[in-house]
Amino acid sequence: MTGTNVRNEADDSGPSGYAAARLRLLGEEARSGPPRRAALAGLTDDWLAGLFTAAAPDLRGVSVVAVGGYGRGELSPRSDLDLLLLHDGNAPDAVAALADRLWYPVWDLGLALDHSVRTLAEARRTAGEDLKAHLGLLDARHLAGDLGLTAALRTTVLADWRNQAPKRLPELRDLCAERAERQGELQYLLEPDLKEARGGLRDATALRAVAASWLADAPREGLADARRRLLDARDALHLATGRATDRLALQEQDQVAAELGLLDADTLLRQVYEAARVISYASDVTWREVGRVLRSRSVRPRLRAMLGGGRPVAERSPLAEGVVEQDGEAVLARSARPERDPVLPLRAAAAAAQAGLPLSLHAVRRLAALARPLPTPWPAEAREQLVTLLGSGRPTVDVWEALEAEGLISRLLPDWERVRCRPQRNAVHIWTVDRHLIETAVRASELTRRVGRPDLLLVSALLHDIGKGWPGDHSVAGEIIAKDVAARIGFDPADATVLSTLVRHHLLLVETATRRDLEDPATVRAVADAVGTQSTLELLHALTEADALATGPAAWSSWRGSLVADLVRRVGAVLAGDGPDEPEPAAPTAEQERLAVEAFRTGSPVLALRAQPEPAGEEETPGAPEPLGVELLIAVPDQPAVLPAVAGVLAVHRLTVRTAGLRVLRLPDDVDDGAVLLLDWRVAAEFGSLPQAARLRADLVRALDGSLDIAGRLAERDAAYPRRRGWVAPPPRVTVAPAASHHATVIEVRTQDAPGLLFRIGMALEKAGVQVRSMHVSTLGANAVDAFYVTTGTGAPLPDGDAASLARVLEETLRG
């Protein structure tokens, strides 16, 4: 039966005819989704118009108006009918009688009804006092009676909404936030409320209201389709349950999936989650834009008064190469060229997360449209930027979701597509698989001071459940995927093996600790054999804790933590051996020796700045990691304060230190019986290009003779760029490595990388009166992992008390 025939039958048969036509319409398998909702609204329109005409054929100054979801023409099978009887106030008794003749037939059919009777002035006053009523009236649609009265209502209500937007929109934003806090996030709930949860139909309606204000607009791509999918799911839920419910309960999901023609309940949830994610992201972007516009409006009059008119230019401050901050967002610099810079998406994301800023919608879309694919394996900078992004704590979540919204994550990591929006039907898990992986990275970022390889910890956190998108044991499947991903993103074979081991055994510690007898030597030996090394055990311990904390409150406790720690202690004892002594330095190259001799003869520093050489063809070691930055070789006659001087000059020139080595180089016998300090560092420009070697050398000479005030220069620069509200990194950790060397005391520093970090460490060591015999510095993402081999003035290891005191001083310096 066609929609027209259904509506004609309703007209002919009165209420009983409407009920029968409605029943037939809802039973038509060929019609579903928007066509069915529109047909049901049209059928109901005709019926109500017929009731109005029959009840008050001659009454003037009265109209029947559909509001809310019915006003939008979106009637689900069990939706309420939201109706307003609008009148001019001239015949209150007749209007009251008319209301009875309209409402009672609706109630008699068992339909839910939300109704009101108001004059135009009363409707306007109610809207001004009640935000929800105002939102409903924005969708007012004429059904019957005085069309001019309905048009006046629409015009007045919309004008009031636009005039009051600076006040009403913050109120609406707070209402949405309060509801999200109460109902949770639709994209992660196993039994979500399709309407009330964050990312649900209420939020989609709120976005329509924002657009109606003309103050801001939501990103439109995919939004209408996401809303349609949620409405379709609600229709199927109403038909499956026979009730007016919006909660997608577990026991009804299979039936709802079948009603929609989907494979199973997981497919249904994944589709719902994807729709909710689109609406949630659109909400984030829209409310951010509302805030920006309202701030601009409040500041602009004062600026115009101060500047004498004209439009103020938004301030832009640099975050990274090609990335700047503007209006509280990370945006692309005017000079950025995504089509020539394949690392830019990751660099922009890492810079935004580190600064605690959202990545602007325009920037993400431009990156998605123009950025070239990364080569395989990734360049070293791309891998470092991924690690930095993963290690940025809570801000990582929003930045990752922004990349996801435009398809950049699946482009960077194709295996991600299988876990995206994948539900976990486990009462312990509170997240979908993909969000759990990001949540684990967030938790792991808090534990980076406990491990020597924070980069491997963070990447293993991202990948540990990647096998859940494949059949069989997800740990076994994940091991294979992790090894492949590790090679693709540029880790060397040894690191790729560690990552795959961590993924394969990410449940080993907690399962063994809680289910096996730890007094049995065979239990401990089996874990030791699976883990292999102390460093892998250290990483697995941190990954286990991060994974459990990211799963949900039921997955981790002090009791579980103590059992795992006991197991780790026992396994560590099995794996323990004598600590590694200070590594023997490699023989100096001809260039290093030449620089050392020249520095000794001239009595001043000599340096060479070399760009990354091209691959050496067949001589290149297969799988070797690509160095990051350019090589800086410096030879300086042995003297005090070399480390802070070099580090300070590099910081002044905005050079980031990626790796750094310092050692004492004995001169050849035919030159002299002297020593020169040799620094072999890998550096990269924070912004722009590298400075000239001659300029670096000139500043280094001044730093060593005391004429360059490095501390003052750095303080001036810090004052010019106020601290942003970025993620608060875990506190620094400085320890004395036990039995690490027989010739020196080894001070290990694990902290957040920052401009001038090595300068501050060098100054602290200099003030402590110790000599740095050698050092080994590496920057892994945003984490610095440094080892300093220090001695007394006579060249002996520090006494235990002095070493502990030095570690405390360094830690306090880095906290300050």
Practice prompt. Would you confirm whether E196, through its side chain, and R202, through its main-chain N or O, come within 3.5 Å as a donor-acceptor pair?
Written response: no

Worksheet item: Is the H436 ring parallel, tilted or perpendicular to the H429 ring (thresholds 30°, 60°)?
Response: perpendicular

A side-chain contact here means heavy atoms from C-beta on lying under 4.5 Å apart; do [X] and [Y] qualify?
{"X": "L403", "Y": "L359", "result": "yes"}
{"X": "I466", "Y": "V419", "result": "yes"}
{"X": "S79", "Y": "Y70", "result": "no"}
{"X": "R247", "Y": "P192", "result": "no"}
{"X": "L361", "Y": "Y281", "result": "yes"}
{"X": "D88", "Y": "L120", "result": "no"}

Output the distance between atom [atom1] ([X]) and atom [atom2] ([Y]), rounded to the nearest 0.5 Å.
{"X": "E439", "Y": "T396", "atom1": "CD", "atom2": "OG1", "value": "10.0 Å"}
{"X": "L143", "Y": "S63", "atom1": "CG", "atom2": "OG", "value": "8.5 Å"}
{"X": "D398", "Y": "E404", "atom1": "CG", "atom2": "CD", "value": "12.5 Å"}
{"X": "D114", "Y": "L83", "atom1": "CG", "atom2": "CG", "value": "8.5 Å"}

Item to complete: Would you sort out whether D327 and R295 count as a salt bridge (charged side-chain N to carboxylate O under 4.0 Å, His left out), showing the intermediate values?
Response: CA-CA 10 Å; D327 283 334; R295 285 193 304 272; over 6 Å; no

Decide, yes or no, whether a salt bridge links [X] with [Y] under the criterion of side-chain N to carboxylate O below 4.0 Å.
{"X": "R422", "Y": "D266", "answer": "no"}
{"X": "R24", "Y": "E28", "answer": "no"}
{"X": "D235", "Y": "R228", "answer": "no"}
{"X": "R179", "Y": "D203", "answer": "yes"}

Worksheet item: Looking at W470, does the NZ or CZ of R418 lie under 6.0 angstrom from its six-membered ring centre and within 45 degrees of the ring axis?
Response: yes

Item to complete: Return yes if a side-chain donor-acceptor contact under 3.5 Å exists between R277 and Y273, otherwise no.
Response: no

Fill in: Listed once per pair and sorted, the salt bridge (Lys or Arg N to Asp or Glu O under 4.0 Å) pairs that draw on residues 139-152, sequence neighbours left out
D45-R141, R72-D139, D139-R208

Worksheet entry | Verdict with reasoning, D284 to R198, per salt bridge (charged side-chain N to carboxylate O under 4.0 Å, His left out) | CA-CA 11 Å; D284 290 341; R198 182 175 182 267; 2.4 Å; yes

Worksheet item: Is it true that W400 and W416 have ring centroids separated by less than 6.0 Å?
Response: yes

Discussion item. One pair to check against side chain to side chain contact (heavy atoms under 4.5 Å, CB included): R37 and L75. What are the steps and the verdict?
Written reply: CA-CA 5 Å; R37 287 190 290 274; L75 273 188; 5.5 Å; no

